Participant: 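Structure provided below as structure tokens; questions to follow.
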Amino acid sequence: MHEPEVLYAVVQFDGTAQRTVRRVVAPFPDRSSAALFATDNDLHNYSVGPMSFAVPTRVAPVYHGVPAPRAGSS
């Protein structure tokens with residue numbers, strides 16, 4: 001089975017003790033590319049980590065045909 005490729009993100013924090021996320025910049029092919037982006041762009045208080053994508057745990061209902069327009073749309 002094919003291993004999924006790992007992508008990385010730069011997570012910049014706002015600098016407070018709570019470590020509130022200020023910005024996330026992604027994707028990068030490896031940790032060093034992400035870190036280089038952060039230093040080249042004078043980002044401070046950041047971390048680099050692997051990304052993961054949310055995968056739905058339930059299957060969405062399948063609709064057949066064209067959905068009806070929403071009320072108030074033309």
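Just so it is clear, the model here is predicted, and its values are computed rather than measured. Values below: all heavy atoms of this structure, side chains included; hydrogens, waters and symmetry mates excluded.
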Participant: Starting at CG of D14, measure out to CZ of R23 and round the result to the nearest 0.5 Å.
Facilitator: 12.0 Å
Participant: Minimum heavy-atom separation for M51 to A9, with atom names?
Facilitator: CG-CB, 3.6 Å
Participant: Restricting to non-hydrogen atoms, name the atom on P29 and the atom on L7 that form the minimum distance, rounded to 0.1 Å.
Facilitator: CA-CD2, 4.3 Å
Participant: Distance from N41 atom CG to Q12 atom CD, nearest 0.5 Å?
Facilitator: 9.5 Å
Participant: Do F37 and V21 sit in one hydrophobic cluster, given that two such residues count as connected whenever their side-chain heavy atoms are within less than 4.5 Å of each other, even indirectly?
Facilitator: no
Participant: Below 4.5 Å, heavy atoms only, C-beta onward: do F13 and T20 meet side chain to side chain?
Facilitator: no
Participant: Are V11 and L43 linked, directly or through other ILVMFWY residues, by side chains that come within less than 4.5 angstrom of each other?
Facilitator: no
Participant: Just how far is it from atom CZ of R22 to atom CG of N45, taken to the nearest 0.5 Å?
Facilitator: 9.0 Å
Participant: Quick check: closest heavy atoms across V48 and A34, and the distance to 0.1 Å?
Facilitator: CG1-CB, 3.7 Å
